[in-house]
Amino acid sequence: MTSFGEYRLTRGKGALWLLFAAAIVVSIWRLFVGLGASTSLSDTTPWGLWKAWDVIVTVPLGASGFTMAFVRYMLKDARYEQIMRRSVIWAAIMYVSMGARLAFDIGLPWRIMNPLVFWGNIHSALFEVAWCVALYLIVLLVENGPRVTERIDRPWAHKLEHAIHWVGPAFVLFGVLLSSMHQSSLGTLYMIAGKRLDALWYHPWLNYIYLLTAVAAGLSVTILIEAVSSKMYKTPFQTNLLAKLGAAVGVALGIAFVWRLASLVIEGSVGALFRSDISSYLWWVEMLIGYVMPLTILARGAWRNDRRLLTWAAVGVLYGMISLRMNVVFTGMNEAMGASGYWPSLTEWLSSIGWTAGTLVVFTFLAEKLPGVLGDRVKKV
Amino acid sequence: MGKGMLIDLTKCMGCRGCQVACKQWNNLQAVPTEFNAEFTNPPVRSAYTWTTIDFLITEVDGKTVSTFTKQQCMHCEHPACESVCIAAAIKKTKAGPVTIDYDKCIGCRYCQVACPFGVPKYQFDKATPKMQKCTMCADRIEAGMETACAATCPSGAIKFGERADLLKMARERIAKGNGKYIDHIYGEEEAGGTAVLYLSGVPLDLTKLKQGVTEEEVPNFTWKAMRQLPALLGVVGLSSLGLMAYSSRRNAVAAAEEGARSGAGAGKHPSKGGKHHD
Amino acid sequence: MAGLAATFGRGVMTNHWIDYKNSDVIVAVGANPAENHPMAMKWIDRAREERGAKLIVIDPKFNRTAALADIYLPIRPGTDIAFWGGIINYALANEKYFKEYVAAYTNASFLVDPGFKFEDGLFSGATPGPDGQVKYDTKTWQFQKDEKGAFKLDPTFQDPQCVLQLMKKHYARYTPKMVSDTCGMTEADFLKVAELYCSTGRPDKAGNILYAMGITQSSHGSQNVRSIAITQLLLGNIGIAGGGVNAQRGESNVQGSTDMAMLFGNLPGYLPYPTAGAHPTLAKYNETTPKAGFWTNRPKFLASMLKAWWGAEATKANDFRYEWLPKLDARDHSHMSLFESMAQGELKGLFAWGQNVAVGGPNVDRERKALGKLEWLVAVDLFDTETASFWRRPGVNPADIKTEVFLLPAAASFEKEGTVANSGRWIQYRWKAVEPLGDAKDDLLIADQLYKALRDLYAKDGGVFADPIVKLNWNYGDHPDVAKVALEINGYTSADGKPIPMFSALKDDGTTACGNWIFSGYWADMEKPMAKSRIKEAPGGLGLNPQWSWAWPANRRITYNRPSADPSGKPWDPKRALVSWDGAKWNNADVPDFGWKDAATGAMIPPATSANAPFIMNAEGKGLLFSPSAMKDGPLPEHYEPVESPTTNRLNKRQFNPVATISGKGEFGQLAAVGDTKFPYICTTYRLTEHWQSGAMTRNTPWLGELMPDMFVEISESLAAKIGIKSGDQVTVSTLRGEVTAPAMVSPRMKPVTVHGVVTEVVGMPWHWGYRGMFTGDSANLLTPHVGDANTNIPEYKAFLCNLVKAGATGPVRR
Ligand code: SF4
Ligand code: SF4
Ligand code: SF4
């Protein structure tokens, strides 16, 4: 017997489903017309919104999975079980979605698996990312497996669940390792540019900055999932537990912050902060919203334990994470690539927004269908 | 070392024979252009234009200066494009050329981001696009011929040969040139050394050669990080295992304490649904 | 070319392309080798790299050659004689000329008729001619002779009537100040160039002047050439390796086509064309044979030519059918006159064979109109050209044009075989690479079929003067065989049809036939003709390559090479030895251009004989500093302004060349007055690397079109600022003849010139565009005037007046 939950289609969700559907249609259309006709990409902006948002940002947005699995299994803190479930299923959605979106971004989508299956280049950070992501998808399947098997009252399902339970910690460890690799390797991607990257975003160890900010962002995503879920599904917002995560966010973010500033000083690039051009303003905004604001909140126990402030801090961290990655792709390489005025096309917007909308509604769908995700709720909705 | 080209900018007269020869040999279509007051045309290199003569017309101390810079793939000795190619489609061949295997390329376009000279160009206009760039006429080299552009160049500005010999020739020209050349062989050190070398009679800012190019081998930029991955794995793995052990122990102690105080009421760790997995 | 023939005896590039590598100073004037003769740059570069040679570029715009030059000297279009006159004056006044050379090999010591004068801008002997112009009687320009008919000389050069003194006097007016004010350059720059170039006036230095259309396309173009030729004679740069006056022809086979009589006044091999009035009989024609020099052989060449044309029909008894040779009337039938006649309705039909007159002709809109007066027009070309489609040009209604037009598709150079003769007179065979596309045929086949059809028609229906056609000796096979044509051009003995070895074998008794005497030798071996020879070797390292193709005359690579050695036969510079006398015999690296061996006995002719007459084609035997008969507009070059000029002539009282061809004939006659304020700018036209001539081929080649897709107008930054435009904006250039709209190119390549204190802007434009093909645009020749050189009638494309304003739209407009 199976006992899946019931999905309630509201107007808001309906709108998101429509956007998602539109994105899929657009993505398929892109296959026929090519990238030039469907995007604003060019030789001077070879990587655009899709690479930046749908891949480089989406992956750390899914960092909630490995960070929470780490908390739950490496720190063996069972209080985080429910939180972890939501974070891990969110991560799975992000990674699957990212994979699909990446396929539409590359020139010959049907070849996406070729490098993994037939040949590859271990010197390529992208190759490394691809492998880790592919493997991590398996980890995520395993980690989320029980959400499904627990709904199926069959001997094989029980056996499977048991097996997963047995190998779980090994997979979690594997997932943590894979994630540290590919989250940092996403930073490595742009290290090939060396100092062609704008001094504002250049960092000699961008890989570690990406890893640190991915950890901070992953935990922040968890905090936000909890905030939204408590609103939508009336799950408990366990401020005390989340504040602890907040403290961890503060540590990771703090290190990244100090290291970035230090590197600016060491590289002698402080002048760049006062160039009074758009990208320098963007840097200041990133620092204020993405680092100073959250760090200020997270540094104090009382503020950290304030549900609203904690949520704001998490939002700030995500802003900082996204800003860094988007700037590296867009403003950071403009000069080196001789690019000017890339603005995503309608197709790119529609696709990115639609796929993102898709991740949200698929989350609601799975959360509602798989009651284990939402767990005990104060009140049934 | 493999083959290369020495491009002597003091000899180039901007006739663009090389540009046309390249299109002809490699069967590249003409692209629609319009009048460009700077003369460079097509104004940018693309999947259909692998080499251009970039014109520069300016004035220095009241004197008109006009230079012609032939641009194409530099065929780095340690190509960034090769190092980042996810599909291992780009290869620095022993003969010298850096080539792209169209059957392997998946179109991730990372090489475009990586190349310090902005060389690879994509067929964005095609539904089944290819990544394109100067091949140093690898097919001709294989057949024992020189590159099409070098063969065409009427002024002898492009010399094809062994990179080592060309370097020697370049040094000789500078030495014998009586100040005709600036003392810099572009490509000797740039990007860690390239198979295409340049001599110039004017400071490089009066040419269209890319300046401020690193002299390090570009693949090292990422390799320095990737090299540390095993260490990263070790640190993360070991600390995870350590934490796991520590946490198990901590939980066991806590459970024992719990057991000792059983019946005292609510546990220290109110566990929700975690009981299976501790 | 007329200027060269009038100085040295032959109208050809004296040296050859590879020889540029032997030069020490190279001047490119009115030539732009980097753009128009790119291969030349290879050898110029060789000279610079190997011998530290210097390159001087003299041109109104800073072109791609200037980009590589050691010295760039801007010059006002159309003032070359002023400039070279200044150099001549500098060399004479500062004793920089090569005295021994001048004394031995030029006519510097000749005494000119006492009646010779130069006054008020006119030489003596002027009588009024048409259009307010004059005609010269050259009687007072002749050299004095003694009782025995020998030229009177003054070896001391003191006699005021001797050529050297006359020149000193004539060019004394060409002071550095006058020259720089006239040419729009600074005195310092002029002197820098004068000093550097005159440094070649010594035995061990070679100076090379190369020119092209910038020199010839002028109302005094032939005298421009003369002034260069005189400079080279004075500096001893003629006949030596690395020297010379190197006329770079405008097309790959211009040399070959003029050799083969493409000019209306010539028969093949530059035999003058007979006119009906003066030369009704062969005897009359032969009466005009020069009395001295190599041209005394002319009757043999003509007889052999007629023999080749009419074969067995031509015998000594019937004057080789001289009466069948069509004769000219006494009128000018060069390009401009032809179109003026056409506009008058005098012409019935026209073959435009590989010619795109509707883009290339001056005042071209009028010429396009004139085409509409024809009954029929045959265009033979690779593509549908502007000429072939003149009836559907923009702005006309095809129904209004009655001309019947035929377009015959021709094969391209790679689709046919045959020879081309390059500027250096090398006749090189080109093999066919591919078959012609579609219906295209090679030109020989087209001519062959056309002739045969005509012959059959005449044979069948008869007609006026049918014999010359019906009886023409035309048998090259069904599909004409190139080798048979070549044999006929080379010449053969009538008896057995075997090729003759050289023109010295030609006779005027009918035993030899020869289509073109100067080509004799290029096909002397039927199996292995020299024209097909490709042996690369250069004895002496001078790059003569005697076994690479065949150069006329007689496979001689450097013409007039006797002066490369001193009168005793010792080379001035042993490193450049072309011919040298070792006391007993001549040692020759090149084929001597003088009598060195008795043809009959094989005995060596000692140097003293040839030292006296080193220029064998001239009756005087010398290089002609002063040219008494050959030039219609004066024995010495004199500066005149272009016909349209912003300034008055300050050097003499005539504004422009008093003998130049001025079209006063109705619709072709629009000319701006001196300093016309409505047309305040100087305009000049030029070519680009990327396109070829009228663009018929290149504008139909996408790879070339993408490089230079659109017509443009090049102006200075100051003019752009004045009318408020920037690069890429559309401007309209207008003259009294028409207007052109195209995007502007604003750059420091173009700068205004200061002419007698007045800053004058110069507007430049390429002339490759038209209304047909893949890449279209306005034709610059809509603007150019119908005026031409006094001797050659080459139109003055390079200097005229225009106005320029901002046009409506921006961005290229395609038409
Ligand atoms: S120049 Fe760029 S594309 Fe060419 S080999 Fe170097 S990195 Fe690769
Ligand atoms: S080497 Fe070959 S492919 Fe490269 S620019 Fe030259 S002709 Fe083009
Ligand atoms: S072919 Fe040679 S001279 Fe011509 S533009 Fe190219 S490099 Fe320069």
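A, B, ... follow the sequence lines: proteins, then strands. Residue 1 opens every chain. Below, all heavy atoms of this structure are taken into account, side chains as well, without hydrogens, waters or symmetry copies.
For chain C, the nearby part of B/Phe55 is the side chain; its heavy atoms alone come within less than 4.5 Å. For B/Gln24, the parts sitting under 4.5 Å from any heavy atom of chain C are the backbone and the side chain alike. At a 4.5 Å heavy-atom cutoff, the contact between C/Glu690 and chain B is made by side-chain atoms alone. Using a 4.5 Å cut-off between heavy atoms, C/Ala744 touches chain B through its backbone atoms (N, CA, C, O) alone. With a threshold of 4.5 angstrom between heavy atoms, C/Ile44 does not approach chain B through any atom at all. With a 4.5 Å cut-off on non-hydrogen atoms, B/Cys153 does not touch chain C at all. Proximity to chain B involves both the backbone and the side chain of C/Leu707, based on heavy atoms less than 4.5 angstrom apart.
Put simply, the side chain of B/Met13 reaches to within 4.5 Å of the side chain of C/Pro38, judged on heavy atoms. You'll find the side chain of C/Phe62 stays beyond 4.5 Å of the side chain of B/Lys63, heavy atoms only. Considering only heavy atoms from C-beta on, B/Phe35 stays 4.5 Å or farther from C/Met711 through its side chain. Using a 4.5 Å heavy-atom threshold, the side chains of B/Thr33 and C/Pro709 count as touching. Using a 4.5 Å heavy-atom cutoff, the side chains of C/Met39 and B/Pro154 are in contact.
The existence of a salt bridge linking B/Lys176 and C/Glu49 is excluded, since no basic side-chain nitrogen approaches an acidic carboxylate oxygen closer than 4.0 Å.
Without hydrogens or angle criteria, C/Glu706 side chain to B/Val31 main chain gives a donor-acceptor distance under 3.5 Å. Judged by distance alone, the side chain of C/Trp703 and the main-chain N or O of B/Leu28 form a donor-acceptor pair under 3.5 Å. Using a distance-only test at 3.5 Å, with no hydrogens or angles considered, no donor-acceptor pair links the side chain of B/Thr64 to the main chain of C/Arg749.
For the set C/Pro748, C/Gly705, C/Ala66, C/Ala34, the count of heavy-atom pairs under 4.5 angstrom toward chain B peaks at C/Pro748. Contacts with chain C were tallied for B/Asn178, B/Ile57, B/Thr40, B/Thr10; B/Ile57 has the most, counting heavy-atom pairs under 4.5 Å. Between chain C and the options B/Gly17, B/Pro42, B/Pro32, the largest number of non-hydrogen pairs under 4.5 Å is found for B/Pro42.
Taking OG from B/Ser155 and CE from C/Met41, the interatomic distance works out to 7.5 Å, rounded to the nearest 0.5 Å. In this structure, CD on C/Glu717 lies 5.5 Å from CD on B/Glu59, to the nearest 0.5 angstrom. Here CD of B/Glu38 is found 10.0 Å from OG of C/Ser747. Values are rounded to the nearest 0.5 Å.
In this structure, C/Leu68 and B/Lys11 approach most closely via the heavy-atom pair CD1-O, 3.8 Å. In terms of heavy-atom proximity, B/Ser66 sits nearest to C/Ala67 at O-CB, 3.3 Å.
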